[in-house]
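Scroll down for the structure; my scribbles are underneath it.
Whatever order the structure lists ligands and atoms in, that order sets their numbers, starting from 1.
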Amino acid sequence: MAESVSSSHRFDPTILREYDVRGIVGSTLHAADAHALGHAFGTIVAEGGGRRVAVGRDGRISSPEIAAATIEGLRAAGIDVLDVGGCPTPALYFAVHHLAADGGIMITGSHNPPDYNGFKMMLGTAPFFGADIQRLGEIAGTGSFATGQGAVEAAPVLDAYVARLLRDHRPGRALSVVWDCGNGATGPVITALAEALPGTHKVLYPEVDGTFPNHHPDPTVPETLEGLRAAVADAGADLGIAFDGDGDRIGVIDETGRVIWGDQLVAIYATEILAAQPGATVIADVKASQVLFDRIAELGGVPLMWRTGHSLIKTKMAETGAPLAGEMSGHLFFKDRYYGFDDAPYAAVRLLALIGASDRPVSAWRDDLPTVLNTPELRFPCAEERKFGAIAEVKAALDGRTDVSVNDIDGVRVSSEDGWWLLRASNTQDVLVARCEAQSAVALERLKDQVRDAVRAVGLDVPDF
Ligand SMILES: [Zn+2]
């Protein structure tokens, strides 16, 4: 039974990332890594005087094995494990609060292909990322683990979680909603929600299936929303709501089949939240439209542009006391009546309450925002060790320019009369990512030229876009 608690363990260096730990099962991530991760995480919790850690897992084929090894690693550090079982990521975050645990580990590959898996962690109720994650590698590498023999008990929370979601629903006009769980971990939660909510509900692909046989669960990729769009049209529904594989990101389409992007959703929620809390800070990531930041200011709020990444946004919310934040990618965070973590089923309930309280169709909420022209995300291959240096050079080249203003919170976001362009180093891939937004097609072309020039100037290839 006793594990070899003193032996060291080396992780594949690619899996310890900025916001989470993630790898390809059987290649860069094995059960032994999960054991070492649990053991190292348990060591950090024990150091801080903690004793109990909640563990949940998504519906991937490898998740039961990875979760079991993680749990054994935690126990070997003397930590008592609250085994939440299969659940979406926000339900695990909820469990940490609800059970007053000292931390949490979610086993999830999020929206990545089926052979991926990984870990999202909380220490206490704060996100665990960046230097914290590097520390896991150091503890494992030196074998300086805590030792002990923790217990494990089943800790089902889904009923309590669904009840908590429903608590913030407000009955209004009856809505017709199509939901798409994409065979991800949200299926049981959304099925229960749909039964309890007023209105007419159709739930697509609620069966949890880690092979994702119908479509990949990633609502930022418009093709994954085709089935939902068709079902909304067939049903004449008011809206469609989709989730990524672990339920921390949402995708919404209106009754006409248009996607309502993450930043547009923030603008919609901000109308309600800023009416109740005038002057509050609302945070969105650096990829979000200027339309959103302008809208927040018009509504009497304080817009704050922050770095992309769910852990970074949550940390900034805690620091500023912002009641609402969101990312283009569909992570939405409510610290208004709720805990402040990214929870897509909760965001869905809040949206239904908001729409149900008005007699306007969802498309009208979308049309409240002025139309601008955007590029999709543009990607330029760039070696890992070159990424941040290249961005620093782009920024240096902009020094002294008086015709533009530069925000360098995350890469460079360059605003001018034409609109803005963003160039930043991806934290998840060996690419620089760009995006442009303008009021007119001519202005958009000028901004695209500026991006081309900037990318060429740091010696990278510029593909057609
Ligand atoms: Zn996710």
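Taking CG of Leu82 as the reference point, atom CG of Asp80 lies at 7.5 Å (rounded to 0.5 Å).
In terms of the side chain to side chain donor-acceptor pair (under 3.5 Å) criterion, Tyr339 has no residue partners (sequence neighbours excluded).
With contacts defined as side-chain heavy-atom distances shorter than 4.5 Å, the pair Phe94/Leu165 does not qualify.
Protein N/O/S atoms closer than 2.8 Å to the Zn ion (ligand 1): Ser110 OG, Asp244 OD2, Asp246 OD1, Asp248 OD1.
Side chain to side chain, Asp285 and Thr308 meet the donor-acceptor criterion of an N or O pair below 3.5 Å.
With respect to the salt-bridge test (charged N to carboxylate O, under 4.0 angstrom), the residues Asp430 and Arg386 do not qualify.
Other residues, nucleotides and ligands contribute over 12 non-hydrogen atoms within 6.0 Å of the NZ atom of Lys316.
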